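Convention: sequence-line order gives letters A, B, ...; per-chain numbering from 1. Here the structure is a predicted model, which is why all the values come from computation and not from measurement.
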Amino acid sequence: MPTCQPANVPTIEEQIALLRRGAAEIIPEDELRVKLEKAAQAGRPLRVKLGIDPTARDVTLGWAVVLRKLRQFQDLGHEACLIVGDFTAMIGDPSGKSKTRRQLSREEVQGYVEACTQQLFKILDRDKTRLFFNSDWLGKMTMHEVIHLCSKYTVARLLEREDFSKRLAEQKPLYVHEILYPLCQGYDSIAIQADVEMGGMDQKFNNLVGRELQREVGQEPQVVFLMPLLVGTDGEEKMSQSLGNYIGIAEPPFEMFSKVMSIPDKAMEQYFVLCTDVPLDEVQRVLQDPYAAKKRLAREIVTLYHSADAAQAAQEQWTHIFSQRKIEAEEAPTIEVQRQWLSEDGTSRLIEFIRLIGFAPSNSEARRLIQQKAVEINGNVIADINARIAPQDDMIVKVGKRRFGKVKIVG
RNA sequence: GCAGGGAUGGCCGAGUGGACAAUGGCACCAGACUGUAAAUCUGGCGGCGUAAUGCCUACGAAGGUUCGAAUCCUUCUCCCUGCACCA
């Protein structure tokens with residue numbers, strides 16, 4: 001070959017096929033093809049935009065779905081443009097019931113970004129990532145410019161959004177700033193001249209507004225690339241930090257493995273497709289045996305964010321603890337027991353002990369757990385609420401299925 | 001500003017003077033079953049307490065009436081809806 005391209009560069013069709021995996025919608029797909037071709041010819045990377053909300057704390061597997069797709073774009077030579085929505089966060093995305101939030105200071109936003117960066121770059125390629133803050137342009141717009149922007153879009157079109165029209169029909173309040181929100185987000189696309197905007201399905205409307213606005217100002221409209229919303233560990237609601245049904249990519253291997261094992265079977269296929277790189281035909285084969293499939297899934301995910309060794313170790317530990325229900329001393333996390341919690345003879349009321357080590361929030365709750373035979377000391381169920389125990393180093397305490405540890409007396 | 005509606009435990013939502021720590025549903029927790037899946041069954045689900053027909057705190061806030069209030073009265077705060085006013 002006369003070109004200097006490495007032999008392993010995929011064709012446009014191969015690229016499309018790769019990108020399509022798991023994608024919910026690509027609007028429109030043939031425009032993406034054209035953009036990819038043009039980029040390849042011109043040797044110019046596409047600018048792939050993704051908005052990030054500076055109030056999220058951890059990167060979850062759900063968020064990772066979009067990030068992983070973005071990473072694929074990077075691997076194909078394109079450029080990720082992360083827009084930190086520090087200005088729009090102040091308004092609050094109307095998709096929630098969120099009230100107007102206070103303006104975050106630049107320092108706060110900066111601090112947030114730094115905290116998040118480490119997790120973000122577990123997935124993204126740092127060298128192909130650019131970071132923007134939308135307060136840089138939104139915060140500097142004059143009233144004149146705002147009105148000019150508003151003149152590019154009609155109210156009727158903004159009301160096409162389902163939750164807007166619904167609220168209007170139900171005579172629920174709909175505030176002006178809320179319908180302006182999509183315009184702000186859309187303006188971000190203009191500001192950075194996005195070629196593609198990534199997002200979850202919940203961002204469809206907003207992203208399409210960006211596309212239209214770009215057209216209005218004479219920019220080539222962005223392709224809207226949408227990923228499905230990953231269900232949470234409950235298998236019902238979308239994964240979100242506020243619902244507490246999430247798996248964070250920074251969680252330790254054992255936690256991660258356990259959480260994946262606890263998702264409902266019906267969610268497995270989606271997790272395989274969106275959270276792993278297992279080929280799709282193999283996924284179908286693996287799913288024939290649900291139990292083996294789930295362990296495979298958990299291994300795959302832990303491998304991705306930790307290592308194959310960590311995944312193997314996590315699985316072994318999981319098997320011991322939950323499948324065989326034996327807790328090995330070396331596997332149990334340490335419970336620090338303050339010597340002052342014990343009376344002079346070195347014993348403690350079990351009820352209080354359970355509360356003090358944090359396995360129950362109150363004595364009443366501890367009492368209930370004991371009555372319900374949920375408490376085990378060194379493998380023996382203790383159901384007497386008046387029991388006293390004599391904690392010693394390496395004593396194994398287990399409460400319910402998930403709370404367990406090994407005593408270490410300190411102080 | 002006017003008129004009407006509302007504020008109850010994590011959420012939804014009953015309750016209009018005592019038997020209400022407050023029906024019911026959801027969520028959650030525990031046990032059984034199992035693959036820590038799903039489904040199902042059982043129990044639990046403010047705190048303190050060895051226990052009690054026990055004590056404390058709780059039904060937006062503060063007072064009041066009463067032997068007794070989530071329930072009645074007064075004031076206040078907040079939210080919602082409609083109308084008006086202003087531009």
Side-chain angles (χ1 to χ4, degrees), chain A residues 96-100 143 147 166-176 178 231-247 251 253-272 275 286-299 301-302 314-327 331-332 343 347-356 358-377 379-389 397-404:
Chain A
K97 288 181 203 162
S98 43
K99 298 173 179 152
T100 304
M143 193 62 185
I147 290 174
K166 219 168 115 189
R167 275 156 69 184
L168 214 54
E170 289 170 359
Q171 303 201 301
K172 295 251 175 73
L174 176 60
Y175 291 91
V176 175
E178 294 184 279
V231 296
T233 49
D234 58 337
E236 298 293 334
E237 306 284 348
K238 71 168 183 178
M239 184 176 285
S240 85
Q241 285 177 71
S242 50
L243 292 173
N245 61 353
Y246 73 99
I247 303 175
E251 291 188 50
F254 177 72
E255 301 299 315
M256 198 181 261
F257 192 94
S258 305
K259 281 193 180 182
V260 174
M261 287 306 290
S262 75
I263 67 167
D265 283 6
K266 64 185 179 195
M268 279 201 288
E269 181 171 2
Q270 193 193 30
Y271 272 65
F272 264 115
C275 304
V286 169
L287 284 173
Q288 297 306 308
D289 177 352
Y291 187 36
K294 199 173 284 175
K295 286 189 279 197
R296 169 78 184 276
L297 178 64
R299 269 201 317 273
I301 291 174
V302 176
Q315 178 167 349
E316 280 165 21
Q317 196 177 345
W318 181 87
T319 306
H320 273 139
I321 293 170
F322 294 118
S323 194
Q324 299 170 10
R325 302 206 178 183
K326 279 185 294 187
I327 298 172
E331 294 171 337
S343 51
T347 66
S348 169
R349 282 189 59 210
L350 183 56
I351 285 179
E352 285 177 4
F353 181 76
I354 296 298
R355 176 174 58 82
L356 287 166
F359 280 5
S362 66
N363 284 352
S364 296
E365 180 67 16
R367 187 189 319 273
R368 274 176 226 129
L369 288 165
I370 295 168
Q371 284 169 338
Q372 290 171 143
K373 298 184 176 21
V375 176
E376 272 178 36
I377 303 290
N380 301 313
V381 173
I382 299 190
D384 175 9
I385 56 174
N386 296 319
R388 296 188 71 85
I389 57 165
V397 180
K398 181 164 174 258
V399 173
K401 285 171 186 153
R402 312 192 81 119
R403 285 160 284 183
F404 59 89

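- No hydrogens or angles considered: nothing links the side chains of A:Ser343 and A:Arg349 as a donor-acceptor pair under 3.5 Å.
- If you take atom P in B:rG54 and the same atom in B:rA61, they sit 25 Å apart, rounded to whole Å.
- The separation of B:rU23 from B:rC45, taken at their P atoms, amounts to 11 Å, rounded to a whole angstrom.
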key: Test side-chain hydrogen bond (donor to acceptor under 3.5 Å, both in side chains) applied to A:Ser258 and A:Arg402, step by step   = CA-CA 9 Å; A:Ser258 305; A:Arg402 312 192 81 119; 5.2 Å; no

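- With P as the reference atom, B:rA27 and B:rG18 are 33 Å apart, rounded to whole Å.
- Annotation: B:rG47 and B:rC29 have their P atoms spaced 16 Å apart (nearest Å).
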ask   = In B/S/- notation, 5' to 3', how is nucleotides 37-46 of chain B contacted by protein heavy atoms closer than 4.0 Å?
value = B-----BSS-

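- Atom CZ in A:Arg388 sits roughly 12 Å away from atom C1' in B:rU50 (whole-Å rounding).
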inquiry  = At under 4.0 Å between heavy atoms, how does the protein contact nucleotides 51-58 of chain B? Give one character per nucleotide, 5' to 3', with B, S or -.
reply    = S-------

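- A:Arg349 comes within contact range of the sugar-phosphate backbone alone, with a heavy-atom separation under 4.0 Å but no base atom that close.
- Side-chain atoms of A:Asn245 come within 3.5 Å of backbone atoms of A:Lys238 as a donor-acceptor pair (strictly under, hydrogens ignored).
- Out of B:rC48, B:rG35, B:rA30, the shortest distance to the side chain of A:Arg403 is found at B:rA30.
- Comparing the same atom, P, in B:rC55 and in B:rA22 gives a spacing of 14 Å after rounding to whole Å.
- Judged by the 6.0 Å distance and 45° axis criteria, A:Lys259 is not positioned over the aromatic ring of A:Phe257.
- B:rG44 and B:rC26 have their P atoms separated by 16 Å, given to the nearest Å.
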